Asks: 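Dropping a structure here in structure tokens format, bear with me for questions.
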Protein chains: 2
Amino acid sequence: MNPPSLAATTTAAALAARLRQEIDQGRWQAGELLRQEQLASEFGVSRIPVREALAQLQSEGLLRIEHYRGARVSWPTPAEIDEIFDLRLLVESDLVARALPRHDERSCRELARLQDQLEDAQDRLGWIGGDIAFHEALYRPAERSRSLALYRQLRAPIDRFSVQQLGPEARKQGWAEEHRQLIAAATSGDAPAVLATLAAHLDATRMVVLAACADLGDR
Amino acid sequence: MNPPSLAATTTAAALAARLRQEIDQGRWQAGELLRQEQLASEFGVSRIPVREALAQLQSEGLLRIEHYRGARVSWPTPAEIDEIFDLRLLVESDLVARALPRHDERSCRELARLQDQLEDAQDRLGWIGGDIAFHEALYRPAERSRSLALYRQLRAPIDRFSVQQLGPEARKQGWAEEHRQLIAAATSGDAPAVLATLAAHLDATRMVVLAACADLGDR
DNA sequence: CATCGTATAATTGTATCCAATTATACGATC
DNA sequence: GATCGTATAATTGGATACAATTATACGATG
């Protein structure tokens, strides 16, 4: 008989979500310190849920916490980014290959709808969210929850580079084209095509992220 | 000038390590509740570091925390376990393939030494620790830190089943045999052999874990 | 002037206490 | 007797307060 309780989650989780967004949007640069007290007063909570949120973001690879020193936004090296994309290719190829035979007309329409929605997105955050939604819909028919979680986890620490680099309209066009090809290949059930397109798509994204990361220097 | 500070870590981290061990040893069954107050008084600390340790173990997939309900030992389904082993095969095949050309006489001696040590291990915990050390040494020359972390993360939630099932001396023998074959293949640089052996080794382990998990029933 | 050591401030880690929520026990009602 | 509603207890989530550690400022010393 309760009202559906909008905030059915803990404040630490809400904070983590908020901070995740802000990191993606570039509020803090790589290597920058996040102060517990500052965040606590900013959001009007105590440091306890702040600490739990920071710990959560560390486990997602967005932060690195040092004992008594504080939480810094992670600063992946180009080698790490390369490795992440290699892993994404492994995992996402497996996912799409398993999903392919289970895609039907309905799921392919859903893909097209998500792509339309993506191209209508206004801000960078809506953009990356749309891309995530598209890929998840592409992989979901595989019914591999664990792999899907792994896919999310691999994206999380590098998505902010895509978001921040997302100026050039050209890249956006190419991205849309690759997504359209993925939909076509999924619709026709052409496994080699979908795998090749996915690989090309990931490689293109890799270049964007590496470029964004190169500007940082190491620390 | 400080003494090397044995506990250079936080108490939450120490607690997490301890609880990880205890979960592997089967102190709590799958689905069982871990009470914060009980753990706090048992280890002589407050509930704050206990909560942080529990959150950490949740991010590792060992626990599942429900809002205001408590932390339960995770109870993976056979399907999830199957999926984890599929992912392990993907990641570990990639790792061993990259490591293989970089193994030399020294690293292979190290593998043999670790295997000797493993076979001398007394208790179940030493056993699983030895197996982890062996595999990490097998993959380390690849210099893929992110993949190695992923490998650890995939093992973490299922190792307890191997540990608890680890009665039969027979299985232990077969395991040792497979490890010896891996060393031989690594020494001779025989990529197809090492990949085939790894796949067989993982499949054998999968069966053990699935058997241990089957006794649980779902919850 | 550079470097080291010390005192102070700033920050994180933990303990204690209170609030919010859930689980349990008990009685009323059909 | 079973089921529902309510009161109580048990448990978790969060706020405040304190301890431990690290960073900074400042002066002494060469």
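A quick note: this is a predicted structure, and the numbers were derived from the prediction, not measured. Values reported hereafter were calculated over all heavy atoms of this structure, with side chains retained and with hydrogens, waters and symmetry mates removed. Here is how names work: the chains are called A, B, and so on, in the same order as the sequence lines, proteins then strands, and each is numbered from 1.
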Asks: Hey, what's the ring geometry for H179(A) with F134(A), parallel, tilted or perpendicular (30° and 60° as the breaks)?
Replies: parallel
Asks: Please confirm whether the shortest side-chain N or O distance from Q38(A) to OP1 or OP2 of dT11(C) is below 4.0 Å.
Replies: no
Asks: Counting side-chain heavy atoms from C-beta on, which of dT22(D), dG14(D), dT12(D) comes nearest to R69(A)?
Replies: dT22(D)
Asks: Using a cut-off of strictly less than 4.0 Å, decide whether Q36(B) has a side-chain nitrogen or oxygen near OP1 or OP2 of dA10(D).
Replies: no
Asks: I need the CZ-P distance between R35(A) and dT11(C), as an integer number of Å.
Replies: 5 Å
Asks: Determine the contact category for L15(B): base if any of its heavy atoms lies under 4.0 Å from a base atom, sugar-phosphate if only primed atoms, P, OP1 or OP2 are that close, otherwise nothing.
Replies: nothing
Asks: Quick one, E83(A) and S145(B) - any side-chain contact, counting heavy atoms below 4.5 Å?
Replies: yes
Asks: Among dT12(D), dT14(C), dG13(C), which nucleotide sits nearest the side chain of H67(A)?
Replies: dG13(C)
Asks: Figure out the CD1/C1' separation between I48(B) and dA19(D), and round it to whole Å.
Replies: 14 Å
Asks: Give R47(B) one of three labels, base, sugar-phosphate or nothing, depending on what nucleic acid heavy atoms sit under 4.0 Å from its own.
Replies: base
Asks: Do Q21(A) and Q25(A) have side-chain N/O donor and acceptor atoms under 3.5 Å apart?
Replies: no
Asks: Phosphate oxygens OP1/OP2 of dT12(C): is one of them under 4.0 Å from a side-chain N or O of T10(B)?
Replies: no
Asks: Does one side chain, of E52(A) or Q56(A), offer a donor that lies under 3.5 Å from an acceptor on the other?
Replies: no
Asks: Which residue, Y68(B) or V45(B), contacts DNA chain C at a nucleotide closer to its 5' end, judged by nearest heavy atom?
Replies: V45(B)
